[in-house]
Amino acid sequence: MGNSVTKTSYPFHELEKAARKLWKDEGLFEIRDPMKAERPFYCLNMFPYPSGDLHVGHGRNYILGDVVTRLKRMQGYAVLTPMGWDAFGLPAENAAIANQIHPATWTKKNIARMKEQLVHWGLAYDWDREIASCDPSYYKWTQWLFLKLYERGLAYRAKGAVNWCPSCNTVLANEQVLPDGTCERCGTPVETRELEQWYFKITEYADPLLRDLEQLTHWPEKVRTMQTNWIGRSEGAQIRFPFEGSSDVIEVFTTRPDTLLGATYVVLAAEHPLVTRLKSEGKLPRAATDLVERLKKARVSNRFLVETEKEGTETGIHAVHPLTGAKLPVWIANYVLMGYGTGAIMAVPAHDQRDFEFAQKYGLPIVEVIRPDPKQGAAYDGTAAYEGEGKLVNSGKFDGLWSAEGKRAITEALAAKGAGEPRVNYRLRDWLISRQRYWGAPIPILYCDKCGVVPVPESDLPVLLPDQVEFKPTGESPLRTNEKFLRAKCPKCGGTARRETDTMDTFVDSSWYFLRFLSPTDSKRPFDTPAVNRWLPVNQYIGGVEHAILHLLYSRFIVKVLRDMKLISFSEPFERLFTQGMITKNGVKMSKSKKNTVAPDDLIERYGTDTVRLYTLFIGPPEKDAEWNDRGVEGAFRFLQRYWKLTMDVVDTAGAETLSPSAVKRASAGFAPSGPRRDLRRRVHQLTHQIVTDMDRLHLNTAVSGMMQYVNALDEFRDGGGDLTVPEVTEAMHLGTRLLAPMAPNTAEGAWQGLGGPGSIFTSGWPAPSKEAMQSDTISLVVQVNGKVRSSIEVPAGADKATIESAALADPKVRTYAAGKQVAQVIIVPGRLVNVVVK
RNA sequence: GCCCGGGUGGCGGAACGGCAGACGCAGGAGACUUAAAAUCUCCUGGGGGAAACCCCAUGCAGGUUCGAUCCCUGCCCCGGGCACCA
C-alpha cells in the first residue's frame, strides 16, 4: 500500500519542506523583542520529560497547541510559542544505574531525539528559546528560588512522617502518592518513615490558592474542583481540653463545636506527641503501648486502607470538659490520624458515625445533643449517628439554639474562658521538596558545625552537580559519598561545612519555567520582570489532566510567592487551561510498557504530517479520551488528497490572474445573484462561520468535519457542471485554504502559494464570513403535527408568521393528519420549524 | 459514602430545547481496469411495507414542555477526584 500512496499527486513531502523553509525565513513564530512585539499572546504546552520516543498520544497535546499558535498568529497576534525540557528526574538515573551511562548523556540523547520528532511533526516552536531544567544555567535559578523561599521563611527543614518509595529510593510529596497509597511514578506501595526533610510552606498560601480559583474561569471546572478538594478547607473551632494531673492541654479541631456538650471522650492518634511523651514517661498502660507500637507498624503499609476496623485502648488519663468540667476518658485509636488537624479529636458519638461505631464497640456513653425538630422525637435513634444539623438539646444554656447559632455561641463561650477559638483547617500539607537522588538541582544549603544550617550565598550559585560520580545498584544517591561535593567552606565563619546532599523535587524546576522563556539565556536574573509582566499569565496553557494538582498547584503557589516578593505583578500563571484527553489503543493508554504505542515517524513518512495532525484533531473532542484507529488516518489522508487535487484543478483552469487576492476582492461584482453559484457561496460562508466558531472554542473535531464538508460542497458544485473559474470558487478557495491553515499548515501553505500568495498564508489574516452571503431567499421549514415531523414547506426568507401558518395549514400532509380534528395551536420557530397542535 | 464527567448506529463521533445519527471509518453494490490497488458513484440504526409511507429507537423509569439526546426527579452502568479529614 505504501507504494501506491507515494505515487499520489499530493506531494506532501515537498510541501512540508517548502513550507518549513518559508516559515523559518520569515521568522513567523519568533519573538525578537518581547517588549516591542504587538498584541502578545503566550501559548504554552507543558514542557515534556525527555523520556525518549514520542508516540501519537503525546502528539495530541502539541498539535492542539500548534493549532492555537497558528490560529492566533493569523488573527494578528505576536505568539510566543516556546518549548523546553523538564529534564531532571529519576528515569535518567535509573538508566545510569542499569546501563552505566551518565544521566546527562542519556538526557541529552533523548532531548535530541524528541526535538527531531517535534521538528518532523512540523510544530512551530521558537527553538531559540529552548531551555532544559538540568542545565546549570537554568538550575542555578531553581536554587535561587529556593534561597528566596528560605529567606522568607517559606523553605524549612523538619522532621516528621514522610512518604518513602522503596523502589525510587526517595521520599515523595503527598501530591505524589496515589489514592491507593502507591508511588505516582512507579506504582510501588509507599511506606512511612520518620525523616528530617526540606519543605516549602505551601500551606501559608492555602487560602489565596483556594480563593483565586474563582478567578480561573477559563480553567476546566474539574481541575478547579480537584484543587478545591485537595486544599480541603474546613471551618470550625480549635478547642483545648485540660487533663488531670498536668498543666498541659489536648487540642482538638472540630467542625461541629455545636456538639461540644455531646463529647463523651477524647481520642489521640498513635503518633500524637502526648502519647509519645506518656509512653516515654512510663505512664501508659501496657495495652496502650502495645497498641501504639502495632498501629505505627501497620501504618507503614496499611495507612491507606479505609476499611480497617476501629480499634482503640484507654490511656488511663482523663481530660476535663472545658465547659462542664466533666471528666472524659482519653483513648488512643486507629481512626484518628496525626496528619490532619491536631491529631486529636473530641468524640461525639451521637452525631459522628465514626465515634458512634467506636463508642458502641467499647461501651462508651452516647449523649444526644442535636435534634432536627425538638418537638418530634430524637433524630438520633440509637442505630446510627445523626450527622445533620438541628436544634441543641442536653446542652444547658445552649438548648434551643440552631446548629449555626450554637457553633457561634459555644465557640464564644470557649474563647471567653481561653479554652478555644474559631479555626480554619486545611487538608493541604506542606510541600516536601527534598529528594534523595542525584539527578536534580542540589538544595543550596550547607551544614556548619559552628553555625548550623547556612544557605549558600547567591553569588556562589549554581551549586553544581559533580560530573564524576558512581551510580550504585543500591540506588543510593552518589552525592552522599562524594567527598569533593560534600566538603565546603562555611560562608559565615570560614570553617568546614558539609553540603546538603538532597536535590529538589523536579516539580520545583517546573514551577517557574514559564517565566524563563522570556529571557532564556539571561545569566544575571532568573527572569525578565518587565517582559514577564507583559506576556503573562500564559494565555493558553495546554497539558494533561494528570497535573491537575501537582504541577498546576505548585506553579500557582510559586507565582504567588514571587508576586509577594514584588518580582512579578500577576497572581496566577495560567489564564486559560486546556487539558486534553489521552489517546488510547485497544482501550488503554498508549505506553511503551503496554507495547501499544503508534509511532508518528512512519505515519508522517507515509502520509505526511498534515494527515497525522488532521486525524489527531478529527478523532474526537480534544478534552476527551479517544481511541486510535489506523484506518481513520487514511480517511484524513484521502481528504487532504482531494483538497489538494481540487486546488490544483482550480489553479489549472482559472489561472493565476483571476486568483490573486486583489482579483478576489474585485470579483464581488461578479457574484451570481441566484442559482448554483449563489448556493455554493452561501454554503461556503455558512461553513466558514461554523469553522471559525468551532476553532475559537477549540472544537477542532467539528472544525475538521466542516472542512470536509467544504470540499464536498465544491466537488458537488463541479460535478453538477459548475465552472471552476467563477469568482465564487476563487473566493471559496481563498477562504477555505486559510481556514485549513492552522490545522494542516503545510498543505495550506502550498495551496496558498499555488493560488498566488502573496507571502505566507499565516500573514494573510483570518477569514470572516459574510452575513449577507449566508442569507438565502427562501427557507425550508420543517412542519410537525403534534411534535412529529410530517412535512416541510418552502417560504420566503422574510415571511411573517401569518404567511408561514397558512402555508403550513395548507400543506396536504398536514391536512391529512389534522383531518377531523381541531387546530389548537400553531407554534412557529423562526427559521426552524412549525408545529401544528391538533386535538 | 460524597463531588465531578460520561452512557447516541458495527466503530470514532454530530446535533442554540426544534428534521437524531453531520463528518469520517468499516461494510455492501456498481463504474473504471485484462486484473488488483487507487479513484469515483450510490446504499448502509432496527422493524413493517410492492411503494407512498408508517412504527420503534439517544442506559432504565417517570416528570416539565407544543416539542426532550439536551431541562428536572429517581435508579443502573462506566471513568475520574476526594474519603475514618474530625
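Computed from a predicted model, the values in this text were never measured in an experiment.
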[atom1] gap between [N] and [M], integer Å:
| N | M | atom1 | result |
| --- | --- | --- | --- |
| B:C72 | B:G81 | P | 25 Å |
| B:G9 | B:C23 | C1' | 14 Å |
| B:C11 | B:C19 | P | 24 Å |
| B:G13 | B:U58 | C1' | 13 Å |
| B:C60 | B:U8 | P | 10 Å |
| B:A15 | B:C84 | P | 40 Å |
| B:A29 | B:G18 | C1' | 36 Å |
| B:G74 | B:G80 | P | 25 Å |

Is there a donor-acceptor pair closer than 3.5 Å between any side-chain N or O of A:Arg613 and the backbone N or O of A:Ile63?
no
Phosphate-side-chain proximity, [X] and [N], N/O vs OP1/OP2 below 4.0 Å:
| X | N | answer |
| --- | --- | --- |
| A:Lys788 | B:C56 | yes |
| A:Ser234 | B:A86 | yes |
| A:Asn712 | B:A22 | no |
| A:Lys310 | B:A86 | no |
| A:Arg631 | B:A26 | yes |
| A:Tyr10 | B:U39 | no |
| A:Arg638 | B:A38 | no |
| A:Arg832 | B:A15 | no |

Using purine N1 to pyrimidine N3 plus N6-O4 or O6-N4 for Watson-Crick, or N1-O2 and O6-N3 for G-U wobble, each under 3.5 Å, what pairs with [N]?
| N | answer |
| --- | --- |
| B:G24 | B:C11 |
| B:U73 | B:A61 |
| B:G45 | B:C56 |
| B:C66 | B:G18 |
| B:U39 | B:A31 |
| B:C2 | B:G81 |

Which heavy atom of [X] sits nearest a heavy atom of [Y], and at what distance?
| X | Y | answer |
| --- | --- | --- |
| A:Gln580 | A:Gly543 | OE1-O, 2.7 Å |
| A:Thr611 | A:Val633 | CG2-O, 3.4 Å |
| A:Glu251 | A:Thr342 | O-OG1, 2.6 Å |

For [X] and [N], what is the distance between atoms [atom1] and [atom2] respectively, to the nearest whole Å?
| X | N | atom1 | atom2 | value |
| --- | --- | --- | --- | --- |
| A:Glu634 | B:G24 | CD | C1' | 13 Å |
| A:Met226 | B:C2 | CE | C1' | 16 Å |
| A:Gln353 | B:C2 | CD | P | 14 Å |
| A:Glu221 | B:C3 | CD | P | 14 Å |
| A:Leu428 | B:C82 | CG | P | 13 Å |

Which label fits A:Tyr615 and A:Trp628: parallel for a plane angle under 30°, tilted from 30 to 60°, or perpendicular past 60°?
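Perpendicular, since the angle between the ring planes exceeds 60°.
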Parallel, tilted or perpendicular: which fits the ring planes of A:Tyr340 and A:Phe253, with parallel below 30° and perpendicular above 60°?
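Correct class here is perpendicular.
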Glycosidic conformation of B:G9, syn or anti, with 90° from 0 as the boundary?
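In terms of base orientation relative to the sugar, B:G9 is syn.
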Record whether the side chain of [X] comes under 3.5 Å of the base of [N] through a donor-acceptor pair of N or O atoms.
| X | N | result |
| --- | --- | --- |
| A:Asn835 | B:C66 | yes |
| A:Gln784 | B:G18 | yes |
| A:Lys222 | B:C4 | no |

What nucleic acid atoms does A:Arg642 come within less than 4.0 Å of, heavy atoms only: base, sugar-phosphate, or nothing?
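If one applies the 4.0 Å heavy-atom cut-off, A:Arg642 turns out to touch the sugar-phosphate alone, with no base involved.
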Could you check whether atom NZ of A:Lys361 has more than 12 heavy atoms from other residues, nucleotides or ligands sitting under 6.0 Å from it?
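Correct, the count exceeds 12.
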Listed pairs, N/O of protein and of nucleotides 11-14 of chain B, under 3.5 Å:
{"from": "B:G12", "atom 1": "O2'", "to": "A:Ile619", "atom 2": "O", "distance (Å)": "2.5"}
{"from": "B:G13", "atom 1": "O3'", "to": "A:Asn701", "atom 2": "ND2", "distance (Å)": "3.4"}
{"from": "B:A14", "atom 1": "OP1", "to": "A:Asn701", "atom 2": "ND2", "distance (Å)": "2.8"}

Measure from NZ or CZ of A:Arg790 to the centre of the six-membered ring of A:Tyr817 and say whether it is under 6.0 Å with the direction within 45° of the ring axis.
yes
Indicate whether the side chain of A:Tyr426 and that of A:Asp207 have a donor and an acceptor atom separated by less than 3.5 Å.
yes
So, A:Arg294 and A:Glu311, do they make that salt bridge, N to O below 4.0 Å?
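Salt bridge flag = yes for A:Glu311 with A:Arg294.
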By nearest nucleotide on RNA chain B, pick out whichever of A:Gln709 and A:His699 is the more 5' one.
A:His699
Of A:Ile827 and A:Glu357, the one whose closest nucleotide on RNA chain B sits nearer the 5' end is A:Ile827
